[in-house]
Amino acid sequence: MMRSWILPVLFVLSGSVVATAEFFEGSPGIAAAILLVFLALGGMNSPLIFPRSIGEPEARRRSADDGRPVVFWRPGCAYCIRLRFRLGRSARQLHWVNIWRDPAGAATVRAANGGNETVPTVVVAGRPHTNPGPDWVREQLPAA
């Protein structure tokens, strides 16, 4: 879990250093813009954006038990972030697998996408769907 924070923290620290240098060189506007970009990069890679990831075997088992889709994603993926935000609270009902932390998940995504690690790949009832729309994913959730 600790490793998942390294990249976001590095982005924020690096951005802070560069922005501070720009500020003291007399460019507060550029410093603010740089800091915002690095904060956005840190946020996009933060584990706070996505629900807790689990391994592919566990996600498959849980999905078989409760019928909820499995979402394969990776940090920094703009399409994954878009899906996550557009799903809103519904995202917590899905099983999320970070393919950069789970080799079995990465293998599943490559098998579904002709050898490519294209994410998000959503598996519903054993069938993969690459980069589906959030509304479609929400429709795949079992009725409460």
Side-chain angles (χ1 to χ4, degrees), residues 1-23 28-144:
M1 183 65 171
M2 183 58 126
R3 277 191 270 157
S4 62
W5 283 101
I6 292 174
L7 192 58
V9 169
L10 284 175
F11 275 125
V12 172
L13 289 176
S14 300
S16 298
V17 168
V18 174
T20 301
E22 284 295 325
F23 180 81
I30 291 173
I34 288 171
L35 186 57
L36 286 175
V37 167
F38 277 87
L39 287 174
L41 289 170
M44 285 175 32
N45 289 282
S46 168
L48 295 176
I49 290 181
F50 292 91
R52 186 169 167 249
S53 286
I54 57 178
E56 190 269 345
E58 178 66 12
R60 186 185 327 204
R61 186 193 63 73
R62 289 183 187 183
S63 181
D65 289 346
D66 60 22
R68 294 178 183 175
V70 177
V71 180
F72 294 91
W73 70 284
R74 65 174 169 74
C77 167
Y79 298 105
C80 299
I81 293 168
R82 179 185 70 92
L83 177 65
R84 167 59 187 101
F85 281 123
R86 299 241 351 250
L87 285 172
R89 291 179 184 222
S90 300
R92 295 185 189 277
Q93 298 176 39
L94 303 165
H95 304 295
W96 294 81
V97 177
N98 179 346
I99 66 167
W100 280 0
R101 299 191 80 199
D102 185 62
T108 298
V109 170
R110 284 192 303 272
N113 294 295
N116 297 313
E117 290 186 352
T118 307
V119 289
T121 296
V122 179
V123 176
V124 178
R127 296 190 62 216
H129 304 271
T130 304
N131 199 16
D135 293 334
W136 181 87
V137 173
R138 201 174 291 111
E139 290 170 6
Q140 306 311 306
L141 291 170

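This chain uses plain numbering: 1 for the first residue, then up along the sequence.
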In chain order, what residues pass the salt bridge (Lys or Arg N to Asp or Glu O under 4.0 Å) check against R92, with sequence neighbours excluded? none
Any pair counted as ring pair (Phe, Tyr, Trp, His ring centres under 6.0 Å), so long as it reaches residues 112-140, sequence neighbours left out: H129-W136
Flag side-chain contact, heavy atom, 4.5 Å: V12 against L39: yes
Can you list everything that forms a side chain to side chain donor-acceptor pair (under 3.5 Å) with D66? Sequence neighbours excluded, please. H95
Which residue pairs satisfy the salt bridge (Lys or Arg N to Asp or Glu O under 4.0 Å) criterion with at least one member in residues 123-132, sequence neighbours excluded? none
To the closest 0.5 Å, what do you measure between CG (L94) and CG (L141)? 5.0 Å
Counterpart residues, side chain to side chain donor-acceptor pair (under 3.5 Å), relative to Q140 (two or more places apart): none
For R68, all residues meeting side chain to side chain donor-acceptor pair (under 3.5 Å), sequence neighbours excluded: none
I would like to know whether D65 and R62 meet salt bridge (charged side-chain N to carboxylate O under 4.0 Å, His left out); could you show each step before the answer? CA-CA 5 Å; D65 289 346; R62 289 183 187 183; over 6 Å; no
Give the table of side-chain donor-acceptor pairs shorter than 3.5 Å for residues 115-123, with sequence neighbours excluded, one pair per line with atom names and distance.
| residue | atom | partner | partner atom | Å |
| --- | --- | --- | --- | --- |
| E117 | OE2 | R110 | NH1 | 2.5 |
| T121 | OG1 | N113 | ND2 | 3.1 |
| T121 | OG1 | T118 | O | 2.5 |

Summary of salt bridge (Lys or Arg N to Asp or Glu O under 4.0 Å) pairs that have at least one residue in residues 7-22, sequence neighbours excluded: none
Which residues share a side chain to side chain contact (heavy atoms under 4.5 Å, CB included) with A64, sequence neighbours left out: none
Restricting to pairs with a member in residues 102-127, which pass ring pair (Phe, Tyr, Trp, His ring centres under 6.0 Å), not counting sequence neighbours? none
Ignoring hydrogens and angles, tell me if any N or O in the side chain of R138 forms a donor-acceptor pair with the backbone of R86 under 3.5 Å. yes
Heavy-atom pair with the smallest gap, counting every atom of V70 and R60: CG2-N, 4.5 Å
Nearest 0.5 angstrom please: L83 CG to N131 CG, how far? 8.0 Å
Run the side-chain contact (heavy atoms from CB on, under 4.5 Å) test on R84 and W73 for me, step by step, so that the C-alpha distance in whole Å, both residues' side-chain angles and the decisive distance to 0.1 Å come before the verdict. CA-CA 10 Å; R84 167 59 187 101; W73 70 284; over 6 Å; no
Rounded to the nearest 0.5 Å, the CG atom of D135 sits from the CG atom of L87 at a distance of 8.5 Å
Holding to side chain to side chain donor-acceptor pair (under 3.5 Å), I want the full list of residues that pass it with S63, two or more places apart in sequence or in another chain. none
Let me confirm one number: the CG-CD distance from N98 to E56, rounded to the nearest 0.5 Å. 13.0 Å
Identify, with sequence neighbours excluded, every residue that meets salt bridge (Lys or Arg N to Asp or Glu O under 4.0 Å) alongside R82. none
Going from CH2 on W96 to SG on C80, what distance comes out if it is rounded to the nearest 0.5 angstrom? 7.0 Å
So, for F38 and G15, which heavy atoms are closest and what is the spacing to 0.1 Å? CG-CA, 3.3 Å
So which heavy atom on A31 is nearest to which on A19, and how close? CB-O, 3.1 Å
